[in-house]
Amino acid sequence: MCGIVGYVGAKNAAPVLINALKKLEYRGYDSAGIAVLSDTTDEIIVKKAKGALKYLVEKITDEIVDISKKSQKSDADKENEENLQRLILKTDENLKGTIGIGHTRWATHGEPSDLNSHPHTNVSGTIAVVHNGIIENYVKLKGWLQGQGIVFKSQTDTEVVAHLINYFYEQEKDIFKAVLSAIKKLEGSFALGVICKDYPDRIIAVRKDSPLIVGLGKGENFIASDVPAVLEYTREVYFLEQNELAVLYEDHVDLFNDDGEKIIRKPVHVDWDMSSAEKGGFAHFMLKEIHEQPKALTDTLRPRLVMNGKKAADIKFDEFDFDDSWKKAGRVVITACGTSYHAGMVGKYAFEKFARIPVSVDIASEFRYRNPILNKDDIFIVISQSGETADTLAAMRLAKTAGAKIIAITNCVGSTISREADCVIYTWAGPEIAVASTKAYTTQLMCLYLLAIKMGQLRGVLSQEKFTSLLTELNQIPSKAQEIIDNQTEIQKLAATQFNKTKIFYIGRLFDSASSLESALKLKEVSYMHCEAFAAGELKHGPIALVDKDTLLIAIATCKELYEKVASNIIEIESRGAATMAITQDRTGAFNKCVDSVITLPEVDEDLASIISIIPAQLFAYYCSIQKGLNPDKPRNLAKSVTVE
């Protein structure tokens, strides 16, 4: 949610800022802006625009040159070849400077507009601020500042920060001390980037609850909300910890705690391949990431499988040991939001099936407010793709205060959740840029299955024969996922005939009921089609009243013992004029007579089928979005990393 970037170095800052903001578009935004300390005027020049980044580009450039056409390349063009999509920015002379900050905003306080876009400045325009998060006490602070004679220009909570820093700067005469004093008055979550006209050699960055990294280059340094923004320039980064500040100069970076005391810490080297954060020939990131699932599943699984020759013999996590707490646990508690919550629902079935242990799954935003009951022998698992999900982070911190041992499953190295958990399991899915999660979800499932199967072995409720059989089946999952992707033409055709349905229901039983939740969410996210998911047996308890000829029912059916039951549910719907489809492993023809279309899955152990049964649903959602002329990478009103409640 929102994206912050900053640059200090020897290059023209504006192209670098735009380039970095482009890499953060996946986080979701409705306006964008930059502030650059001009070499020409010695003033902070702010350019902001409502809407897509291209509208900001139009404001700050008098020419956009495609450097792929070599005949059009000028010397000035060659200097800026780092710009995304092989575009070169030829900026207004007044906007040329070597230090600046930028922002993509997702509106929280104040409608999307040029005026409410970031950066925001103090009255005189000598201090500029970008902010990710929410200032919870901004109304009180705004009233107090207005009492000091300050006139506000925007409706945002962020403008308070600029004026507050200025208030303390007039007293302290030191911008770093002013920022320190200001943040002590702020309540809520914030990541800040600050520049000041009087300090033309530095950027000050602050982090509380909202993510912020510092990229360490050669003769240049960066701030950003996420790693992809700086990968083109450096792989050495600091992940700012809670309540830490960074002061960035051209040739070095200093870290401080919120008492102003210097901190010494080694940077983290990021191993991501830059190409993994680019589309690589695919029309959209979502499609690319669906296609990356076989590799992502392999990368998540293989390091955790202990092999005996060519056979999988055991499960081992390098991140932690399976101590007695896994044998003696009385319950597993899982908390997460959105897609990760749906992974947790699948995990519930897996733990109860393989480890025979009760499981409680909570939506994180509910968990923290219901005075939850926690026991010292609970295994507490939090799941978050970004590792920065505000509600999940708050739930984790609440559980820690109760003495729970925290196991985190996340995709992002150095994220807040990964740093604060007792043990962290990385999914190794690689960068996921599309807002709608695909490969992060299936790799989360892989981690949950590995934990559940190992726990069953440790507790003595899973026979060695079954344990070995499940490992063998898991080892085949990536190739089964590839089979689905290689044969997606039928799914694409179905989307072309069904994308105009006004009501879509996903149904399933047991594991498939949990998978239906995620399938419905994917379709809602990227196609804006009204879609709901129900346990198949619940249709007749109310939802069937909605069924008519404009309805599409999609049944996920991977449990052989329940094929007859699911087929009966489908017939109830088909008889009322709805279109029907089944996603199933069945090869007996159990569904041929009661559905219009069948998507046949590769055969795997039915208890593991949730990892692959979601892939046809992901593809169906993607192609419905394309049929409707939408951009599946950037669904309206949504953000990749939800860092506010």
Side-chain angles (χ1 to χ4, degrees), residues 1-4 6 29-35 43-50 101-199 203-210 212 225 242-243 245 258 390 394 639 642-645:
M1 181 177 292
C2 302
I4 287 175
Y29 71 106
D30 48 44
S31 58
I34 64 171
E43 303 290 335
I44 294 177
I45 306 297
V46 178
K47 298 287 185 179
K48 308 192 287 187
K50 175 185 173 182
I101 51 178
H103 192 269
T104 48
R105 175 183 186 249
W106 191 76
T108 54
H109 297 80
E111 65 181 5
S113 69
D114 289 5
L115 194 60
N116 287 330
S117 304
H118 296 208
H120 290 283
T121 69
N122 60 337
V123 173
S124 63
T126 57
I127 296 172
V129 174
V130 289
H131 165 225
N132 182 13
I134 289 180
I135 307 302
E136 294 176 354
N137 63 333
Y138 91 98
V139 173
K140 179 180 177 181
L141 290 171
K142 183 174 182 177
W144 177 76
L145 287 163
Q146 287 173 326
Q148 303 296 312
I150 301 298
V151 177
F152 282 72
K153 297 178 180 178
S154 76
Q155 301 166 298
T156 68
D157 56 336
T158 302
E159 191 179 351
V160 164
V161 181
H163 295 308
L164 192 63
I165 292 173
N166 180 72
Y167 172 82
F168 287 109
Y169 181 57
E170 289 178 347
Q171 295 181 352
E172 306 275 3
K173 307 303 181 186
D174 183 296
I175 191 61
F176 180 72
K177 291 181 180 178
V179 172
L180 271 180
S181 298
I183 62 175
K184 291 182 178 356
K185 299 292 184 182
L186 300 177
E187 297 173 8
S189 62
F190 50 86
L192 302 174
V194 182
I195 59 174
C196 177
K197 172 189 172 182
D198 300 334
Y199 292 80
I203 298 173
I204 299 175
V206 187
R207 184 271 165 107
K208 178 181 181 288
D209 291 330
S210 294
L212 198 63
S225 295
Q242 185 77 322
N243 299 316
L245 297 87
D258 59 354
V642 184
T643 56
V644 296
E645 295 179 47

Nearest heavy atoms of [X] and [Y], plus distance in Å:
| X | Y | result |
| --- | --- | --- |
| Y169 | D198 | OH-OD2, 2.7 Å |
| V151 | H163 | O-NE2, 4.2 Å |
| T104 | A32 | CG2-CB, 4.1 Å |
| D157 | H131 | OD2-CE1, 3.7 Å |
| V46 | A35 | CG2-CB, 3.9 Å |
| K153 | E159 | N-OE2, 2.9 Å |

Looking at side-chain heavy atoms only, is the closest gap between [X] and [Y] below 4.5 Å?
| X | Y | answer |
| --- | --- | --- |
| W144 | L164 | yes |
| L192 | V179 | no |
| V161 | L186 | yes |
| I165 | N122 | no |
| F168 | L180 | no |
| F152 | V160 | yes |
| T156 | H120 | yes |

Euclidean distance, [Y] [atom2] relative to [X] [atom1], rounded to 0.5 Å:
| X | Y | atom1 | atom2 | answer |
| --- | --- | --- | --- | --- |
| Q155 | S113 | CD | OG | 6.5 Å |
| E187 | I135 | CD | CD1 | 9.5 Å |
| I44 | I127 | CD1 | CD1 | 7.5 Å |

Next on the checklist: Tell me whether K50 at atom NZ has more than 12 heavy atoms from other residues, nucleotides or ligands lying less than 6.0 Å away.
Outcome noted: no
Please check: side-chain N/O of [X] versus main-chain N/O of [Y], any donor-acceptor pairing under 3.5 Å?
| X | Y | value |
| --- | --- | --- |
| N132 | A191 | no |
| S225 | I4 | yes |
| H118 | R105 | no |
| K184 | D258 | yes |
| T121 | A128 | no |
| K48 | S117 | yes |
| N137 | L141 | no |

